[in-house]
Peer 1: 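Shown below is the structure under consideration.
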Amino acid sequence: MRIIQITPGAGAGFYCENCLRDAALARELRRRGHDVHMVPLYLPSIGEEPAADTPIFFGGINVYLQQKSALFRHTPRWLDRLLDARPLLRWAGRRAGMVRPGDLGPPTLSMLRGEEGRQVKELDRLADWLADQGRVDVVCLSNALLAGLVHRVKEALGGAPVVCTLQDEDAFLDNLAEPYRGQAWALLAERAAHIDAFMPVSRYYAGVMQSRLDLSAERVHVVHPGVETALYAPAAAPPDPPVVGYLGQEGRASGLDLAVEAFLEIRRRGRVPGVRLRVAGGRLGA
């Protein structure tokens, strides 16, 4: 099969589990004989770089400027290309304030509106590029927040099916301020009708998104994230002193406060002498 995998990049600015999941999936599908072409959005990818001739679509700086000013919705391609330069986008990716969910209500709605959004120029460029790729058997979206692309993507590829992984959309959308939160969920439910199948990463999350998007069970297929076991081996000995590890986005939404409280309770009870807590992961705003 020929598969197009559309994945928002993180620009190496923070740990992005979705990016790494998509890259691992692409590698495994290739190992099984499929032709997988990764297409980055917003920022350069982490985990696996796309082919050298694959541009970054919806470059983060252009998306921001087109959201803020009508002038940038009509700029020439040569200027857009300068703003899509990978070194510049990597620098932008390190500016955490650009990706705080609480500030992203208007651009989130615009992206979900697709052809009716302020980044339609970017959508047209992606559709034109896809139309030149020849036969494509399936398009895989990294998350449902890309649902605004689906109509034009299918049109460009002659109706090729579009499937979508589901992971973390609720945490992002629920952090938007009102009225954007409610509008975004309504738009997502509307756009989700055009997606052929959904692949949530757990049975629990399947239930969450079936309820919130009114998805029929026939369109939802749980696909648990895999682990490349060849990359890991048991430690020669347990750590001394013992260590409790936390890896993920640093914030209440990801349970860091509960991890700290549990660690303090372990220390208080004194049953694991010398135990330490090590925290690693992204820190995206307050």
Side-chain angles (χ1 to χ4, degrees), residues 4-11 13 19 37-45 50-93 95 97-101 103-134 136 139-160 162 164 172-173 176 180 183-184 186-188 190-192 194-195:
I4 297 288
Q5 171 71 51
I6 300 179
T7 299
C19 305
H37 197 133
M38 293 195 72
V39 177
L41 304 186
Y42 307 138
L43 296 169
S45 301
D53 60 346
T54 302
I56 294 174
F57 294 96
F58 290 87
I61 296 173
N62 274 309
V63 165
Y64 176 83
L65 293 174
Q66 289 165 26
Q67 183 67 34
K68 294 295 185 179
S69 171
L71 172 66
F72 288 93
R73 296 167 211 157
H74 305 283
T75 48
R77 180 59 200 142
W78 66 264
L79 178 57
D80 297 341
R81 192 178 295 113
L82 289 176
L83 296 174
D84 282 343
R86 277 176 165 78
L88 183 59
L89 289 174
R90 288 193 180 95
W91 171 85
R95 314 304 294 178
M98 294 183 68
V99 289
R100 280 198 297 264
D103 297 338
L104 291 180
T108 297
L109 291 179
S110 182
M111 287 294 298
L112 286 170
R113 290 184 177 119
E115 307 95 309
E116 300 169 4
R118 296 185 176 185
Q119 291 77 27
V120 64
K121 180 173 68 169
E122 301 298 315
L123 180 54
D124 289 341
R125 188 167 73 94
L126 173 62
D128 290 343
W129 183 85
L130 289 171
D132 290 337
Q133 298 309 300
V136 172
V139 176
C140 183
L141 303 181
S142 179
N143 63 72
L145 299 177
L146 303 178
L149 311 181
V150 174
H151 180 262
R152 288 298 308 279
V153 165
K154 284 191 168 187
E155 187 176 70
L157 295 175
V162 175
C164 179
F172 181 90
L173 292 178
L176 298 178
Y180 306 116
Q183 292 173 4
L187 264 174
L188 180 53
E190 176 185 321
R191 292 289 181 167
H194 303 290
I195 296 175

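Atoms considered below: every heavy atom in the structure, side chains included; atoms not considered: hydrogens, waters and symmetry mates.
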Peer 1: Mind listing the closest non-hydrogen atom pair of Gly59 and Asp84 along with its distance?
Peer 2: CA-OD1, 3.3 Å
Peer 1: Could you measure the distance from the CZ atom of Arg73 to the CD atom of Glu122? Nearest 0.5 Å is fine.
Peer 2: 12.0 Å
Peer 1: Taking all non-hydrogen atoms of both residues into account, name the closest pair between Lys154 and Ala160 and its distance.
Peer 2: CG-O, 3.6 Å
Peer 1: Distance check, rounded to the nearest 0.5 Å: Ile56 atom CD1 versus Leu83 atom CG?
Peer 2: 12.0 Å
Peer 1: Less than 4.5 Å apart, side chain to side chain, heavy atoms only: is that true for Tyr180 and Pro106?
Peer 2: yes
Peer 1: Who are the salt bridge (Lys or Arg N to Asp or Glu O under 4.0 Å) partners of Asp124, not counting sequence neighbours?
Peer 2: Arg152
Peer 1: According to side chain to side chain donor-acceptor pair (under 3.5 Å), who are the partners of Asn143, at least two apart in sequence or on a separate chain?
Peer 2: none
Peer 1: Please collect all ring pair (Phe, Tyr, Trp, His ring centres under 6.0 Å) contacts where either partner lies in residues 107-131, sequence neighbours excluded, each pair once.
Peer 2: His37-Trp129, Phe57-Trp129
Peer 1: Please find the pair of heavy atoms, one from Pro8 and one from Ser142, that lie closest to each other, and give the distance.
Peer 2: CD-CB, 3.6 Å
Peer 1: Which pair of heavy atoms, one from Thr108 and one from Ala184, lies closest together, and at what distance?
Peer 2: CG2-CB, 4.5 Å
Peer 1: Using only atom types and a distance under 3.5 Å, with no angle test, would you say the side chain of Arg118 pairs donor to acceptor with the backbone of Gln66?
Peer 2: no
Peer 1: Heavy atoms, side chains only, cut-off 4.5 Å: are Lys121 and Thr75 in contact?
Peer 2: yes
Peer 1: Look at Asp80 together with Arg125 and state whether they make a salt bridge at an N to O cut-off of under 4.0 Å.
Peer 2: no
Peer 1: Are Leu130 and Val136 side-chain neighbours, meaning at least one heavy-atom pair lies under 4.5 Å?
Peer 2: no
Peer 1: From Leu149 CG over to Leu41 CG, what is the distance, rounded to the nearest 0.5 angstrom?
Peer 2: 6.5 Å
Peer 1: Apply side-chain contact (heavy atoms from CB on, under 4.5 Å) to residues Leu145 and Leu173 and explain how you reach the verdict.
Peer 2: CA-CA 9 Å; Leu145 299 177; Leu173 292 178; 3.7 Å; yes
Peer 1: To the closest 0.5 Å, what do you measure between OH (Tyr42) and CG (Leu89)?
Peer 2: 13.0 Å
Peer 1: CG/Leu65 to CD/Gln67 distance, rounded to the nearest 0.5 angstrom?
Peer 2: 10.5 Å
Peer 1: Go through the steps for Met38 and Thr54 under the test side-chain contact (heavy atoms from CB on, under 4.5 Å), then give the verdict.
Peer 2: CA-CA 8 Å; Met38 293 195 72; Thr54 302; over 6 Å; no
Peer 1: Report yes if the side chains of Val63 and Ser110 come closer than 4.5 Å at any heavy-atom pair, otherwise no.
Peer 2: no
Peer 1: Any idea which heavy atoms bring Leu112 and Ala144 closest together, and the distance?
Peer 2: CD2-O, 4.3 Å
Peer 1: Hey, could you give me the CH2/CD1 distance between Trp91 and Ile61, rounded to the nearest 0.5 Å?
Peer 2: 7.0 Å
Peer 1: Looking at side-chain heavy atoms only, is the closest gap between Val150 and Arg191 below 4.5 Å?
Peer 2: no
Peer 1: Can you tell me if His151 has over 12 outside heavy atoms packed within less than 6.0 Å of its NE2?
Peer 2: no
Peer 1: What's the shortest heavy-atom distance between Pro44 and Arg90, and which atoms?
Peer 2: CG-CG, 3.7 Å
